[in-house]
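Report on the following structure.
Chain letters run A, B, ... following the sequence lines, proteins first and then strands; every chain starts at 1. No experiment lies behind these values; they were computed from the predicted model shown.
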Number of protein chains: 2
Amino acid sequence: MVNEMESKISAAEWEVMRVVWAQDKVTSKEIIDVLQQKKDWKPATTKTFIGRLVKKGILHTEEEGRKFLYSSAVNESDFINSTLDETFEHICNKDVGNAIVNLLSNATLSFKDIDKIEKVIEMKKKEAVEEIPCNCVPGQCRCNNCSSGH
Amino acid sequence: MVNEMESKISAAEWEVMRVVWAQDKVTSKEIIDVLQQKKDWKPATTKTFIGRLVKKGILHTEEEGRKFLYSSAVNESDFINSTLDETFEHICNKDVGNAIVNLLSNATLSFKDIDKIEKVIEMKKKEAVEEIPCNCVPGQCRCNNCSSGH
DNA sequence: CTTTTTTGTTTACAAATGTAATCGAAATTT
DNA sequence: AAATTTCGATTACATTTGTAAACAAAAAAG
């Protein structure tokens with residue numbers, strides 16, 4: 001898993017990371033070109049983000065002559081998962097299911113995806129509960145309104 | 001749905017919103033108390049966030065004597081969904097299924113949740129595809145590496 | 001061998017965010 | 001009525017983020 005600490009990257013930095021993840025090792029020029037296309041960023045802008053990612057330790061550098069080859073210190077899937085987990089920390093456990101249902105509704109899925117999902121659901125069935133315990137602090141969720149004796 | 005524009009709130013502001021969502025109408029004092037507990041924020045800090053949310057039009061105010069009753073201009077579920085959608089915009093369509101599988105693995109689900117998920121999956125099955133078309137720009141995803149003729 | 005280009009580094013600067021103190025008017029307490 | 005508390009509004013200030021120009025050293029081109 002990605003260390004939660006080092007995974008703090010901004011939306012703009014994420015764009016840079018996607019280019020790196022797509023290639024394992026890239027030069028700044030490649031990143032700059034892709035993002036000039038996609039985001040219309042000036043080379044200087046992209047350079048700033050690259051620099052910040054290196055400073056944060058999320059990009060590794062390997063000297064190749066006088067320039068660098070950049071590579072990611074974190075795995076993309078891990079990063080995606082921990083980003084999503086972070087979002088779910090703002091949500092009551094009771095609402096997680098609905099959020100996922102919504103994601104599923106909006107997603108384009110392959111047969112393979114559906115297989116995998118069905119498998120997880122089979123497992124989840126075994127540990128499913130009647131009522132999910134609310135994990136919110138009193139005052140941040142209706143579930144706790146009464147039990148918290150306010 | 002939440003207007004994508006007005007839904008731009010920070011992590012700290014989200015904490016405030018959760019208190020508001022939990023009650024429909026709240027006074028600043030209630031918000032301040034809850035977040036003093038949960039986040040150890042000074043009253044002034046919470047007030048800042050409330051003020052910013054009002055300015056952004058995400059919190060509505062209703063005068064009640066010389067003070068205010070705050071209420072949310074956006075629905076919590078809608079907000080959660082559009083936040084998640086935003087995250088998924090950083091992910092190749094091909095990877096969405098896996099991300100969801102991961103979320104499911106980590107989630108605690110109720111029988112009702114599972115029912116709902118199974119229903120969506122039944123529908124999704126009908127429109128499932130063999131191969132999900134990659135929606136990334138060339139250079140930001142391995143899928144496009146070859147077809148983009150670089 | 002000079003000129004130009006490339007590429008990493010430094011500097012710039014506004015907006016957003018996190019965190020909070022202060023201030024002033026109204027309300028409550030004494 | 002005077003003192004105190006409450007609460008919204010204003011001000012403060014450091015950090016992060018978005019966006020980019022300028023600079024310097026090295027490499028490539030002419």
Atom NZ of residue position A/Lys112 - does it have more than 12 heavy atoms of other residues, nucleotides or ligands inside 6.0 Å? no
Mind checking if [X] touches a base, just sugar-phosphate, or nothing, with heavy atoms under 4.0 Å?
X	answer
A/Thr48	base
B/Lys29	sugar-phosphate
B/Phe68	sugar-phosphate

Reading DNA chain C from 5' to 3', where do the contacts with chain B start and stop? Cut-off is 4.0 Å to heavy atoms. C/dT17 to C/dT28
The helix from C/dC1-D/dG30 to C/dT30-D/dA1: angle between its terminal axes, five pairs each, to 10°? 10°
N/O (side chain, A/Ser10) to phosphate O (OP1/OP2, D/dG18) under 4.0 Å: yes
Between A/Thr45 and D/dT19, is there a side-chain N or O to OP1/OP2 distance below 4.0 Å? no
[N] [atom2] sits how many Å from [X] [atom1], rounded?
X	N	atom1	atom2	value
A/Lys8	D/dT17	NZ	P	8 Å
A/Arg52	D/dA20	CZ	P	12 Å
A/Trp14	D/dG18	CH2	P	13 Å
B/Ile32	D/dC7	CD1	P	7 Å
B/Glu13	D/dT16	CD	P	18 Å
B/Lys67	D/dT6	NZ	P	9 Å
A/Asp40	D/dA20	CG	P	8 Å
A/Leu53	D/dT17	CG	C1'	12 Å

Which nucleotide, D/dC7, D/dA20, D/dG18, lies nearest any side-chain atom of B/Lys47? D/dC7
Looking only at side-chain N and O atoms, does A/Thr46 offer a donor or acceptor that is under 3.5 Å from a partner on A/Trp41? no
Could you tell me if B/Asp113 and B/Ser110 have a donor-acceptor pair between their side chains, going purely by distance under 3.5 Å? yes
Polar side-chain atom of B/Lys116 near backbone of A/Asn98 as donor-acceptor pair, under 3.5 Å: no
Residue pair A/Leu59 / A/Met17, side-chain heavy-atom distance below 4.5 Å: yes
Can you find a heavy atom in the side chain of B/Lys42 that is under 4.5 Å from one in the side chain of B/Lys47? no
When you check the gap from the basic side-chain N to the acidic O, do B/Asp33 and B/Lys29 get nearer than 4.0 Å? yes
What's the separation between atom OG in A/Ser71 and atom NZ in A/Lys25, rounded to the nearest 0.5 Å? 5.0 Å
So CH2 of A/Trp14 and CG of A/Leu53: to nearest 0.5 Å the spacing works out to 12.5 Å
Comparing A/Arg66 and A/Trp41 on DNA chain D - which has the more 5′ nearest nucleotide: A/Trp41
Name the one of A/Leu103, A/Ile121, A/Val96 that satisfies side-chain contact (heavy atoms from CB on, under 4.5 Å) with B/Leu104? A/Ile121
